[in-house]
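Here's the structure we're looking at; comments come further down.
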Number of protein chains: 2
Amino acid sequence: MSSSSPSPRRVAIVGATGAVGREMVDVLHRRSFPVAELGLFASERSAGRTVETPFGEKTLVAFDVEKVKGYDIVLLAVSGDFAKAHAPAIAAGGALVIDNSSAFRYDDNVPLIVPEINAHAMGDAKLIANPNCTTAIAVVALGPLHKAFGLKRVIVSTYQATSGAGAEGMAELEEQTRNQLDGKPVTNSVFRHPIPFNLIPQIDAFQENGYTKEEMKVTWETRKILEIPDLPVSCTAVRIPTYRAHSEAITVETLTPVTPDAARAALADAPGVVVKDVPADGVYPMPLNATGQFDVEVGRIRTSLIFGDHGLDLFVCGDQLLKGAALNAVQIAELSL
Amino acid sequence: MSSSSPSPRRVAIVGATGAVGREMVDVLHRRSFPVAELGLFASERSAGRTVETPFGEKTLVAFDVEKVKGYDIVLLAVSGDFAKAHAPAIAAGGALVIDNSSAFRYDDNVPLIVPEINAHAMGDAKLIANPNCTTAIAVVALGPLHKAFGLKRVIVSTYQATSGAGAEGMAELEEQTRNQLDGKPVTNSVFRHPIPFNLIPQIDAFQENGYTKEEMKVTWETRKILEIPDLPVSCTAVRIPTYRAHSEAITVETLTPVTPDAARAALADAPGVVVKDVPADGVYPMPLNATGQFDVEVGRIRTSLIFGDHGLDLFVCGDQLLKGAALNAVQIAELSL
């Protein structure tokens with residue numbers, strides 16, 4: 001954001017009734033984004049309904065590509081297929097389109113942006129991809145470590161919240177947990193297996209190499225955002241019965257020697273990160289605290305028992321709907337001010 | 001177990017009212033252990049109370065080292081301090097003592113046994129240590145992989161159930177989850193932080209190197225059981241809101257090339273393991289299925305993106321109270337038959 005007061009923008013959110021869309025409205029307000037006009041677009045089914053927002057009562061409008069083209073900034077919180085079908089036309093109409101789906105993330109011509117890390121890669125593109133939630137949360141910690149020590153290898157195990165499956169995912173966790181506690185039958189429709197008091201080591205579809213698409217997104221997107229095309233990154237992505245903050249156990253091997261203190265110093269100075277690392281006092285990243293927060297919590301920083309003075313173990317936790325989606329999208333929009 | 005019918009043994013369980021002690025009684029029965037007499041020892045507070053068991057109604061007896069000495073086999077499900085104070089005297093009296101605490105695990109003179117992996121190390125010792133639950137579950141999968149391909153490095157991230165903190169841990173999960181769903185205040189006394197819909201990246205106390213004792217147990221005990229004294233093993237141990245099965249995401253680097261098929265073949269032949277690895281059908285290890293089962297589930301087996309053809313990623317899940325504690329202890333007792 002430039003230091004002079006930026007001119008207000010006309011902002012559209014497409015998919016405004018979903019978990020991410022609703023957070024986008026809130027984040028625009030929390031960050032005092034200069035909104036001249038806010039258009040909330042949804043499906044035919046929701047159109048006409050009014051919703052309370054921090055910007056006043058708004059009426060949901062049925063999506064229409066021509067109507068959306070009139071906005072300065074269009075935030076897409078829709079499926080990949082929907083984005084593929086409409087994002088290029090909206091961008092060609094002159095709006096800055098920020099797409100939360102994976103449709104364009106691996107397109108060499110579309111910047112994939114986490115503002116704290118690679119704002120420079122945005123250029124004058126009119127279509128920007130917002131990264132996978134797990135990746136966005138990881139790279140705000142990995143970026144500063146790469147800058148300071150160079151990353152050689154990254155191993156990630158995730159503890160992902162039900163919000164990754166949208167509002168329906170969180171609702172299924174709550175309802176089915178209640179059923180289990182009440183001794184009623186536990187069912188599942190959003191998730192492939194029952195989620196209460198369970199975990200599911202599958203997020204998204206399996207690829208030929210045995211990794212899920214979610215796991216490969218972490219590999220592909222971390223490489224693109226950090227601009228290390230051949231960085232070895234592996235991930236195990238696991239859904240756990242939490243609501244909306246993703247956690248990740250990360251092991252890194254570095255190119256130059258690193259100490260936990262040096263890593264903490266690098267992270268303390270980094271934007272978007274808060275170091276929560278006083279283990280003796282029980283201070284470390286947890287969904288309980290990270291939920292609703294913009295910053296990604298980083299802690300449990302210690303010398304790797306595998307890679308010695310060229311490695312670290314750490315634990316990160318960030319709000320999946322915020323840094324993992326809505327916040328990052330709004331931060332990208334801020335880069336255009 | 002020898003092929004001829006072994007002579008029945010007099011078995012004592014010390015700490016019989018705890019979560020592990022109660023499972024020990026059940027496991028003795030489920031495995032048709034030849035029990036001549038079953039003595040259930042507990043604190044003064046519980047003494048005199050009767051409990052229903054598969055071996056009939058039993059009266060809890062206040063612990064007394066002299067009384068316990070009369071048994072052939074003594075299973076200790078007690079604290080490390082208690083074990084330290086009494087186990088040597090009981091073993092010196094002639095009983096086979098199997099201790100579930102960490103008191104003797106790192107004593108070079110005390111075998112640390114997972115029967116599927118290192119039964120040979122038991123020798124004629126009268127005091128045997130039962131390993132840490134996370135380690136026991138991991139090594140039934142790691143042992144066969146080491147035998148077939150040689151282990152060079154092991155990286156573990158855990159998803160540990162509340163049963164690791166005993167019956168009180170499971171009760172706190174249930175009660176506090178109910179409170180949270182009912183909008184009542186959520187408190188914590190067993191765990192350092194509230195556990196419902198949260199996770200806690202701390203199990204046991206922090207060590208000087210920044211790892212918790214639980215994490216270092218995985219390192220120390222894996223090395224001892226697999227008989228690879230300098231094996232690099234690192235662990236991140238995380239408590240999640242599940243009841244009684246621990247899961248672990250494991251990355252291994254091997255000494256010789258390995259394929260997922262070769263790993264599956266090695267594991268399919270291994271005792272104590274069940275390969276659950278048909279990801280396209282949603283078949284992989286999960287607490288939902290592993291709970292109450294003797295075998296450790298292993299799946300998500302794939303070529304490591306970090307170590308290439310010299311590495312694997314896998315996911316394991318085992319019942320913490322069974323293979324992680326009571327079952328392994330009874331299996332050790334079986335070795336003496």
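Note on naming: letters A, B, ... go to the chains in the order of the sequence lines (proteins, then strands), and numbering restarts at 1 for each one. This structure is a prediction, so every number in the text was calculated from the model and none was measured.
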Side chain, backbone, both or neither: which part of [X] has an atom under 4.5 Å from a heavy atom of chain B?
| X | answer |
| --- | --- |
| A/R192 | side chain |
| A/T219 | side chain |
| A/I240 | side chain |
| A/E215 | side chain |
| A/M170 | neither |
| A/C317 | neither |
| A/E253 | neither |

Do [X] and [Y] meet the criterion of a side-chain donor-acceptor pair at a distance under 3.5 Å?
| X | Y | answer |
| --- | --- | --- |
| B/Q320 | B/S163 | yes |
| A/T212 | A/Q207 | no |
| A/E248 | A/Y159 | no |
| B/E221 | B/Y106 | yes |
| B/T236 | A/R302 | yes |
| A/E214 | A/N132 | yes |

Minimum heavy-atom distance A/L314-A/A141, with the two atoms named: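 Smallest interatomic distance, heavy atoms only, reads CD1-CB, 4.4 Å.
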Given B/V218, B/L226, B/V233, the one that forms side chain to side chain contact (heavy atoms under 4.5 Å, CB included) with B/T135: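 It is B/V218, the one option of B/V218, B/L226, B/V233 that forms the side chain to side chain contact (heavy atoms under 4.5 Å, CB included) with B/T135.
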At a heavy-atom distance under 4.5 Å, which candidate from [options] has the highest pair count against chain A?
| options | result |
| --- | --- |
| B/T242, B/L173, B/D313, B/I306 | B/I306 |
| B/P201, B/P241, B/G210 | B/P201 |
| B/P196, B/S234, B/A205 | B/S234 |
| B/I301, B/L288, B/L199 | B/L199 |

Counting heavy-atom pairs closer than 4.5 Å to chain B, which one of [options] comes out on top?
| options | answer |
| --- | --- |
| A/I200, A/T162, A/L181 | A/L181 |
| A/L231, A/D182, A/V238 | A/V238 |
| A/A249, A/G282, A/S247 | A/G282 |
| A/G308, A/A161, A/P232, A/P285 | A/P232 |

Interchain contact, B/T251 with chain A, by part (heavy-atom threshold 4.5 Å):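 For B/T251, the contact with chain A is made by the side chain alone.
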Ring geometry between B/H193 and A/Y284 (parallel below 30°, tilted from 30 to 60°, perpendicular above 60°):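 It falls in the perpendicular class, over 60°.
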Sub-4.5 Å side-chain heavy-atom contact between A/F206 and A/Q202: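 SC-SC contact between A/F206 and A/Q202 confirmed.
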